[in-house]
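Here's the structure we're looking at; comments come further down.
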Amino acid sequence: MDKQQSDLERDQQYCELCGKMENLLKCGRCRSSFYCSKEHQKQHWKKHKLICKDKAQLPSQKPEQQAPQPPPSLPPPPPPPPPPVDNEAPEKLPEKKSPEPADSASLPESANTEAPVVGDKPAEDGSNNTATPNGQTSSSPQKLALEYIVPCMNKHGICVVDNFLGAETGLGILDNVKALHKTGRFTDGQLVSQKSDSTKDIRGDKITWIEGREAGCEKIRFLMSRMDDLIRHCNGKLGNYTINGRTKAMVACYPGNGTGYVRHVDNPNGDGRCVTCIYYLNKDWSAKEHGGLLRIFPEGKAQFADIEPKFDRLLLFWSDRRNPHEVQPAFATRYAITVWYFDADERARAKVKYLTGAGEKGVKVELDKSSDPS
């Protein structure tokens with residue numbers, strides 16, 4: 001039981017700035033907040049210092065639940081900089097990239113759209129089974145949304161829909177993506193929090209952002225419209241969210257050289273994203289041969305769900321800390337298109353924080369006032 005409790009506590013630890021969950025450091029003062037690097041601790045200090053001392057005095061803290069930590073080094077001089085961090089794990093930051101799908105990246109301008117989502121059942125009662133396909137391509141978007149996606153998301157927080165658009169449409173989208181890739185428009189994926197020298201240790205994908213009106217992206221635009229249709233039918237029934245906008249589409253490619261994306265959370269800081277929606281474009285994908293699984297670790301559960309990036313598969317999951325996930329190393333070219341949908345209230349709070357300067361430098365959510373939902 002002690003080991004199980006310890007594992008559960010470790011699964012609830014995130015970098016307070018970027019959401020990364022690997023090789024964390026612990027704040028040397030309050031010993032209850034975690035960071036993936038000293039740089040991220042310093043960037044978050046302006047916000048964390050307001051609660052750091054108080055947390056250290058909470059009687060509910062149980063030191064015995066944490067591994068023994070070395071004492072902090074030198075005390076911070078006034079005005080106090082961030083307290084030192086202690087190593088939470090013996091390893092250093094990974095030299096080899098651990099993986100994850102085309103999920104998190106710097107948010108572009110929000111597009112004014114109403115809301116939908118889609119999916120399939122996640123692995124249940126097992127530890128590492130891939131989500132089961134439903135193959136409901138004949139269902140109307142409304143029926144698929146109300147009878148499958150809404151109950152599935154509200155119960156599991158993860159949904160998979162196979163054969164979402166059909167082979168012909170899927171191949172048309174793949175042709176659009178491959179043509180984009182050949183133009184050289186793809187750039188190294190960045191983190192929501194900052195452009196960091198260590199980014200390539202965290203994610204190894206190449207990305208480009210698509211609005212849908214660009215020449216040669218007509219099929220991608222159709223995919224986005226179908227995603228929007230589903231979300232529109234689900235709106236008001238997905239948790240307590242009211243979805244009133246989304247990001248542009250992030251088209252991502254893992255080049256197949258063993259790169260991936262380490263375990264992380266898409267939205268650890270309340271930037272407004274509530275649903276992550278990913279469409280996969282990989283024909284004849286074999287996880288045993290090609291790797292590239294998206295592994296999701298649902299909060300509070302011992303099992304995880306492995307999602308293969310199969311052609312014409314649509315995946316939806318909650319974007320917040322309920323679904324830490326990673327993309328395992330991919331050994332073949334792996335394409336995916338991701339759209340994030342915004343909750344109206346959380347997005348409004350994030351905009352206020354940004355516009356008033358309360359947001360931390362490097363965690364700013366880029367805004368486009370002209371595309372704000374009215």
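Just so you know, these numbers use all the heavy atoms, side chains as well, and skip hydrogens, waters and symmetry mates.
- Using a 4.5 Å heavy-atom threshold, the side chains of Trp209 and Val251 count as separate.
- With contacts defined as side-chain heavy-atom distances shorter than 4.5 Å, the pair Phe297/Glu326 qualifies.
- Scanning both residues, Asn267 and Gly272, for their nearest heavy atoms gives ND2-N, 3.7 Å.
- Aromatic ring centres of Phe317 and His156 lie farther apart than the 6.0 Å criterion allows.
- Counting only distance, with no hydrogens or angles, the side chain of Thr247 and the backbone of Val339 share no donor-acceptor pair below 3.5 Å.
- In this structure a side-chain-to-backbone donor-acceptor pair under 3.5 Å is missing from Thr169 to Gly166.
- Although no hydrogens or angles enter the test, the distance criterion places a donor-acceptor pair under 3.5 Å between the side chain of Arg313 and the main chain of Glu308.
- Evaluation of the ring-ring contact (aromatic ring centres under 6.0 Å, His included) rule for His290 yields Trp285 as partners, not counting sequence neighbours.
- The cationic atom of Lys310 (NZ for Lys, CZ for Arg) does not lie both less than 6.0 Å from the six-membered ring centre of Tyr280 and within 45° of the ring axis.
- Atoms CG and SG, on Leu180 and Cys217 in that order, are 4.0 Å from each other to the nearest 0.5 Å.
- Closest non-hydrogen pair, Gln303 versus Pro298, comes out as O-CD, 3.7 Å.
- Using a 4.5 Å heavy-atom threshold, the side chains of Ile278 and Leu314 count as separate.
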Leu294/Asp306 under side chain to side chain contact (heavy atoms under 4.5 Å, CB included): CA gap, chis, key distance, verdict: CA-CA 6 Å; Leu294 173 62; Asp306 279 347; over 6 Å; no
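- With a 4.5 Å cut-off on side-chain heavy atoms, Thr338 and Thr276 count as touching.
- The two residues Phe331 and Glu289 make their nearest non-hydrogen contact at CB-O, 4.3 Å.
- Without hydrogens or angle criteria, Asn235 side chain to Ile243 main chain gives a donor-acceptor distance under 3.5 Å.
- Two residues are said to be in side-chain contact when any heavy atoms from C-beta on lie closer than 4.5 Å; Tyr341 and Cys277 meet this criterion.
- The local environment of NZ in Lys283 is crowded, with over 12 non-hydrogen atoms from other residues, nucleotides or ligands closer than 6.0 Å.
- Salt-bridge annotation for Lys219 and Asp175: absent, with no side-chain N of the basic residue lying under 4.0 Å from a carboxylate O of the acidic one.
- Across all non-hydrogen atoms, the minimal contact from Cys234 to Ile149 is SG-CG2, 3.9 Å.
- With a 4.5 Å cut-off on side-chain heavy atoms, Arg185 and Ile210 count as touching.
- Listed for the Asn154 side chain is a donor-acceptor partner under 3.5 Å among the backbone atoms of Gly239.
- Residues passing the ring-ring contact (aromatic ring centres under 6.0 Å, His included) test with Tyr241, sequence neighbours excluded: Trp318.
- Annotation: side chain of Cys253 is not in contact with side chain of Arg334 (no heavy-atom distance under 4.5 Å).
- Between Leu171 and Ile173, every side-chain heavy-atom pair lies at or beyond the 4.5 Å cut-off.
- A donor-acceptor contact shorter than 3.5 Å links the side chain of Arg273 to the backbone of Asp266.
- Summarising the geometry, atom CG belonging to Leu293 is positioned 14.0 Å from atom NE2 belonging to His325; distances are rounded to the nearest 0.5 Å.
- Asp345 pairs by the side-chain contact (heavy atoms from CB on, under 4.5 Å) definition with Asp343, Arg349, not counting sequence neighbours.
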Test side chain to side chain contact (heavy atoms under 4.5 Å, CB included) applied to Leu223 and Tyr279, step by step: CA-CA 9 Å; Leu223 166 67; Tyr279 181 72; 3.6 Å; yes
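- Once rounded to the nearest 0.5 Å, the distance linking OG1 of Thr259 with CG of Asp205 reads 7.5 Å.
- Note that OG1 of Thr208 is 6.0 Å distant from CZ of Phe186, once rounded to the nearest 0.5 Å.
- A centroid separation of less than 6.0 Å is found between the aromatic rings of His181 and Tyr335.
- At least one donor-acceptor pair under 3.5 Å links the side chain of Asp320 to the backbone N or O of Arg322.
- Separation of atoms CZ (Arg226) and CG (Leu144) is listed at 8.5 Å; rounding is to 0.5 Å.
- Taken from SG in Cys152 to CG in Leu238, the straight-line distance is 10.5 Å, to the nearest 0.5 Å.
- Within the 3.5 Å criterion, the main-chain N or O of Gly170 finds no donor-acceptor partner in the side chain of Asp312.
- In this structure, Ile337 and Met227 approach most closely via the heavy-atom pair O-CE, 4.3 Å.
- A cation-pi geometry, defined here as NZ or CZ lying under 6.0 Å from the six-membered ring centre and within 45° of its normal, does not hold between Arg246 and Phe342.
- Cys159 approaches Tyr148 most closely through the heavy-atom pair SG-CE2, 4.1 Å.
- Without hydrogens or angle criteria, Glu218 side chain to Ala215 main chain gives no donor-acceptor distance under 3.5 Å.
- Between the side chain of Gln43 and the backbone N or O of Gln41, no donor-acceptor pair lies under 3.5 Å.
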